[in-house]
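Note that the numbering runs from 1 along the sequence shown for the chain.
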Amino acid sequence: MASAVPPALLALVALLAPGGLGVAFPGCDYPAHLWCSSWEIAVACQAQSHCANLSHPAAAPVELSLYYESRCPACHWFLVQQLFTTWLLLPAEALSITLVPYGNAQERNVSGKWEFQCQHGPEECLGNMIETCLMDEAKNFSTYFPVIFCLESGSSVTKNLEACLQVYAPQLDGARIAACVQGDAGAALMHRNAQLTAALDPPHQYVPWIVINGKHTDELQAQAQTSLLGLICSLYQGEKPEACGGSGATKAPAGCRP
């Protein structure tokens with residue numbers, strides 16, 4: 001911590017500092033001529049605006065994991081109304097998203113094969129599997145997320161895959177996705193989703209279950225469902241994207257409890 005500086009000396013520092021940087025601040029133990037030698041020192045001395053030669057270090061994106069199920073109305077609403085729109089508005093360096101379709105399902109191993117029972121019936125298990133196999137086939141988030149948005153916002157998650165692929169990802173092979181859904185590969189991928197869901201700490205109590213930067217709290221959940229854009233903007237430590245200028249709050253429907 002810097003010691004108290006007499007007013008006369010503060011004035012002298014202001015005169016001697018390159019570009020007229022001004023006075024030292026508490027926590028700035030560096031002489032004025034070093035204030036622009038690194039970004040960390042510039043921040044400590046509150047001289048960033050005067051250090052044009054320094055580039056701002058890249059900030060880590062906010063990491064959001066969504067645990068959901070394909071026929072839960074509250075999951076539809078959050079994914080379509082909050083998550084997708086926030087993803088469209090923010091650059092990739094500000095937000096990283098992981099989707100885990102499984103939710104309140106249960107699994108059991110029967111003769112070496114995984115079988116699944118879902119909260120909203122077999123149709124939901126099929127929808128979860130389709131989205132899981134789609135993600136595995138596409139690999140790239142920006143490729144598969146618009147397709148999942150299309151499925152979740154349409155009349156049927158299980159019947160609109162081909163139509164959604166034609167609009168958002170015509171380069172993907174629907175037959176390969178179908179083979180995954182019907183085969184052992186899809187079951188293995190769904191088992192992985194089951195393991196990820198079972199490993200949640202604290203354990204999920206409903207879906208959608210939202211984890212931000214590895215943490216789930218009631219407060220984060222409520223903020224994400226009320227104004228996800230506002231939450232991500234407040235948490236992102238980098239230069240604020242243009243979309244962070246303002247974000248309105250909306251009321252979320254109740255989640256799907258097992």
Side-chain angles (χ1 to χ4, degrees), residues 62-87 95-110 114-135 144-145 148-160 181 186-232 235 247-258:
V62 178
E63 296 183 357
L64 183 150
S65 297
L66 175 63
Y67 295 80
Y68 71 106
E69 53 196 24
S70 65
R71 295 197 68 193
C72 169
C75 298
H76 288 306
W77 183 90
F78 178 75
L79 192 150
V80 172
Q81 299 295 331
Q82 291 281 357
L83 189 58
F84 188 73
T85 53
T86 299
W87 175 73
L95 176 61
S96 174
I97 300 172
T98 299
L99 301 177
V100 184
Y102 185 79
N104 299 322
Q106 297 178 351
E107 68 171 354
R108 61 175 184 165
N109 193 302
V110 179
W114 291 106
E115 295 183 356
F116 305 94
Q117 184 174 357
C118 296
Q119 182 177 9
H120 298 95
E123 192 83 356
E124 180 167 80
C125 283
L126 178 57
N128 292 346
M129 189 81 77
I130 288 172
E131 294 187 3
T132 298
C133 286
L134 165 66
M135 288 188 274
Y144 63 71
F145 193 33
I148 290 178
F149 162 79
C150 178
L151 294 172
E152 292 285 341
S153 59
S155 58
S156 172
V157 173
T158 60
K159 297 177 182 177
N160 292 335
V181 170
L189 290 169
M190 191 57 57
H191 172 59
R192 183 190 63 186
N193 286 356
Q195 291 178 309
L196 291 172
T197 304
L200 284 168
D201 183 18
H204 87 284
Q205 301 172 16
Y206 51 82
V207 287
W209 189 260
I210 303 161
V211 177
I212 305 287
N213 288 337
K215 294 174 55 180
H216 173 92
T217 66
D218 291 342
E219 182 180 3
L220 284 173
Q221 178 86 22
Q223 289 178 327
Q225 292 190 276
T226 300
S227 176
L228 180 62
L229 178 61
L231 175 61
I232 301 304
L235 294 176
S247 52
T250 53
K251 183 173 176 57
C256 294
R257 296 182 178 272

Check for a donor-acceptor pair, side chain of [X] on one end and backbone N or O of [Y] on the other, with a separation under 3.5 Å.
X: Glu69; Y: Asn104; result: yes
X: Asn213; Y: Glu63; result: yes
X: Thr158; Y: Gly127; result: no
X: Asn193; Y: Val100; result: no
X: Gln119; Y: Arg257; result: yes
X: Gln221; Y: Trp209; result: no
X: Thr85; Y: Gln82; result: yes

Would you give the length of the straight line joining atom [atom1] of [X] to atom [atom2] of [Y], rounded to the nearest 0.5 angstrom?
X: Glu131; Y: Leu126; atom1: CD; atom2: CG; answer: 10.0 Å
X: Ser153; Y: Ile148; atom1: OG; atom2: CD1; answer: 11.5 Å
X: Leu79; Y: Leu151; atom1: CG; atom2: CG; answer: 10.0 Å
X: Met190; Y: Glu107; atom1: CE; atom2: CD; answer: 10.0 Å
X: Leu229; Y: Thr86; atom1: CG; atom2: OG1; answer: 5.0 Å
X: Ile210; Y: His204; atom1: CD1; atom2: NE2; answer: 13.0 Å

Report yes if some heavy atom in the side chain of [X] is under 4.5 Å from a heavy atom in the side chain of [Y]; otherwise report no.
X: Pro101; Y: Met135; result: yes
X: Leu228; Y: Leu64; result: yes
X: His216; Y: Ser65; result: no
X: Val157; Y: His76; result: yes

Least distance between heavy atoms, [X] atom then [Y] atom:
X: Gly103; Y: Val207; result: CA-CG1, 3.6 Å
X: Phe116; Y: Cys125; result: O-SG, 3.7 Å
X: Cys118; Y: Ala105; result: SG-CB, 3.9 Å
X: Leu99; Y: Tyr144; result: CD1-CE1, 4.4 Å

Practice problem: Could you walk me through whether Glu152 and Tyr68 pass the side-chain contact (heavy atoms from CB on, under 4.5 Å) test, one step at a time? | Solution: CA-CA 11 Å; Glu152 292 285 341; Tyr68 71 106; 3.7 Å; yes
Quiz item: Is the ring centre of Tyr102 less than 6.0 Å from the ring centre of Tyr67?
Solution: no
Quiz item: Should we count CD of Gln117 as having more than 12 external heavy atoms under 6.0 Å?
Solution: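 Incorrect, the count does not exceed 12.
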